Amino acid sequence: MDHLLALGTLMLVSQVNAGSYKTEIVGGREATPNSHPYIASLQLRRQHFCGGSLIAPQFLMTAAHCLSDTNPSRVTVVLGAHSLRANEASRQTFRISQVFENGFNPQTLENDIIILKLDRSATLNSRVNVVALPRVNETVPAGTQCVTSGWGRLGTEARIPDRLQELNVTVTGRELCRPNNICTGVFMRQAGICFGDSGGPLICNEVIQGISSFIVRSCGSGVAPDFFSRVALFRDFIDRAINS
Ligand SMILES: *[C@@H]1O[C@H](CO)[C@@H](O)[C@H](O)[C@H]1NC(C)=O
Ligand SMILES: *[C@@H]1O[C@H](CO)[C@@H](O)[C@H](O)[C@H]1NC(C)=O
């Protein structure tokens, strides 16, 4: 009961923050510009509120909770960005033309995944490109080293970053997680995902294995793991959407 309550509260916090704050990774480092060419910034009135990943030229994958309170027709998808403030030549911007849902449960945060069809195909180049998807039901062993990235806050109460941050994380054992999630931790120091990183990628061996979904305590608590949707379990749904 406490656990569910905590998730619900976090969900609420992230929704409240969605319109007014950007979120950043805690304890990470600035990414090399455009070294994650699949990452998208979802924006409302030019304000970053969630991340996403390009999985096909015209399709973006993100967390369902990112759009649970937001009219998709108001969202701008920005690819090829590094600094949120700069007017970068590498940028491509899109509107959302269709949303593919897969049974998101806002109480338990299960199935926290949606696919967004863009209003046209992205032009693929060195700064904008698709990310590789996992095989159906592929598992990621505990101890695997992965990288997550985003423009989320630098701390629970901290400021919003301008430039994309990245963080090395380690996949935790299943006993700390749930079957439909993949969980990560950063050992020996306080670091992790934070508000505004939602919907962004967890990359393990160059494959997108997770979508940033929720945290249980504060950002970068150093105690509780971070929870990502387990992309491999949704491979059929993803394929149906992008082949539609
Ligand atoms: C993947 O896992 C689901 C749920 O356990 C199962 O129904 C499905 O048959 C599996 N698919 C493959 C290709 O292993
Ligand atoms: C982060 O991971 C990358 C490869 O996944 C590795 O090359 C790099 O050394 C790691 N950085 C730190 C600070 O651990």
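In each ligand, atom 1 is the first atom listed, and ligand 1 is the first ligand listed. Every value quoted in this text rests on a predicted model; they were computed, and no experiment measured them.
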(message) How close do Glu101 and Phe237 get, counting heavy atoms only, and between which atoms?
(response) O-CE1, 3.5 Å
(request) Following the transitive rule for hydrophobic clusters with a side-chain heavy-atom cut-off under 4.5 Å over Ile, Leu, Val, Met, Phe, Trp and Tyr, establish whether Ile113 and Leu233 coincide in one cluster. (result) yes
(request) Please indicate, with yes or no, if any protein heavy atom is found under 4.0 Å from atom 10 (C) of ligand 1? (result) yes
(request) Can you confirm whether something in the protein, heavy atoms only, sits under 4.0 Å from atom 14 (O) of ligand 2? (result) yes
(message) Looking at every non-hydrogen atom in both residues, tell me the closest pair between Ser83 and Asp162 and how far apart they are.
(response) OG-OD2, 2.8 Å
(message) Taking 4.0 angstrom as the limit and counting only heavy atoms of Val136, give me the atoms of ligand 1 inside it, by number and element.
(response) 11 (N), 12 (C), 13 (C)
(message) So which atom in Ala132 and which in Glu206 form the shortest heavy-atom distance, rounded to 0.1 Å?
(response) CB-O, 3.8 Å
(request) Could you tell me whether atom 2 (O) of ligand 1 has a protein heavy atom closer than 4.0 Å? (result) yes
(message) Any non-hydrogen side-chain atom of Leu42 less than 4.5 Å from a side-chain atom of Leu60?
(response) yes
(message) Among all the protein's non-hydrogen atoms, which is closest to atom 4 (C) of ligand 2, and how far away is it?
(response) Asn168 ND2, 4.7 Å
(request) May I ask you to identify the nearest protein heavy atom to atom 5 (O) of ligand 2, giving residue, atom name and distance to one decimal place in Å? (result) Val147 CG2, 4.1 Å
(message) Set out, in order, the CA-CA distance, both residues' side-chain angles and the distance that settles side-chain hydrogen bond (donor to acceptor under 3.5 Å, both in side chains) for Asp119 and Ser97, then state yes or no.
(response) CA-CA 5 Å; Asp119 59 354; Ser97 68; over 6 Å; no
(request) Check each atom of ligand 1 against the heavy atoms of Asn137 and keep those under 4.0 Å away; list them by number with element. (result) 1 (C), 2 (O), 3 (C), 8 (C), 10 (C), 11 (N), 12 (C), 14 (O)
(message) Using a 3.5 Å cut-off on N or O atoms only, is Arg29 in polar contact with ligand 2?
(response) no
